[in-house]
Amino acid sequence: MVENVIWPAYFDADLTRSKGRRVPEELAVPSPEVEEIAQAVQQVGYDAVVERDVAYPREHYQQRGRVLVKDADDAKNDVVQAVAAYVSTMRE
């Protein structure tokens with residue numbers, strides 16, 4: 001079983017690529033929440049588990065949580081891009 005970790009920082013429009021954002025600025029959103037990321041993961045077709053009491057290593061001072069994606073057969077980048085597209089659509 002493959003398990004991917006998705007951090008809210010991957011989708012944060014306030015961060016640069018060097019600070020942890022992994023999606024293009026067009027797909028990034030301000031202050032992404034783990035709940036909306038988990039919902040997007042489920043809409044894309046994967047099982048999501050939310051962990052709220054963890055911090056992104058680059059932002060160790062701020063516990064924003066993370067989403068674990070279960071049984072993702074696609075590459076992590078493909079999953080992140082698909083989730084980013086759905087999150088940005090949800091925000092519109």
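Ionic pairing of Glu35 and Arg52 is present here: one or more N-O contacts between side-chain nitrogen and carboxylate oxygen are shorter than 4.0 angstrom. Ion pair Lys19/Asp14 not flagged as a salt bridge, since none of the NZ, NE, NH1 or NH2 atoms sits closer than 4.0 Å to an Asp/Glu carboxylate oxygen.
The nearest pair of heavy atoms linking Ala55 to Gln62 is CB-O, 3.4 Å. For the residue pair Ala13 and Ala28, the shortest heavy atom distance occurs at CA-CB, 3.6 Å. Taking all atoms of both residues into account, the shortest heavy-atom contact from Ala48 to Ala38 is CB-O, 3.9 Å.
Considering only heavy atoms from C-beta on, Glu59 comes within 4.5 Å of Leu15 through its side chain. Using a 4.5 Å heavy-atom cutoff, the side chains of Arg64 and Ser31 are not in contact. In this structure the side chain of Arg22 reaches within 4.5 angstrom of the side chain of Lys76, judged on heavy atoms.
For Glu26, the salt bridge (Lys or Arg N to Asp or Glu O under 4.0 Å) test picks out no residue, with sequence neighbours left out. In this structure, the salt bridge (Lys or Arg N to Asp or Glu O under 4.0 Å) partners of Arg91, at least two apart in sequence or on a different chain, are Glu36.
By the 4.5 Å side-chain criterion applied to Ile, Leu, Val, Met, Phe, Trp and Tyr, Ile6 is assigned to a cluster that also includes Val5, Trp7, Tyr10, Phe11, Val23, Leu27, Val29, Val34, Ile37, Val41, Val44, Tyr46, Val49, Val50, Val54, Tyr56, Val67, Leu68, Val69, Val79, Val80, Val83, Val87.
Within the model, atoms CG of Asp78 and CG of Asp73 stand 11.5 Å from one another, a figure rounded to the nearest 0.5 Å.
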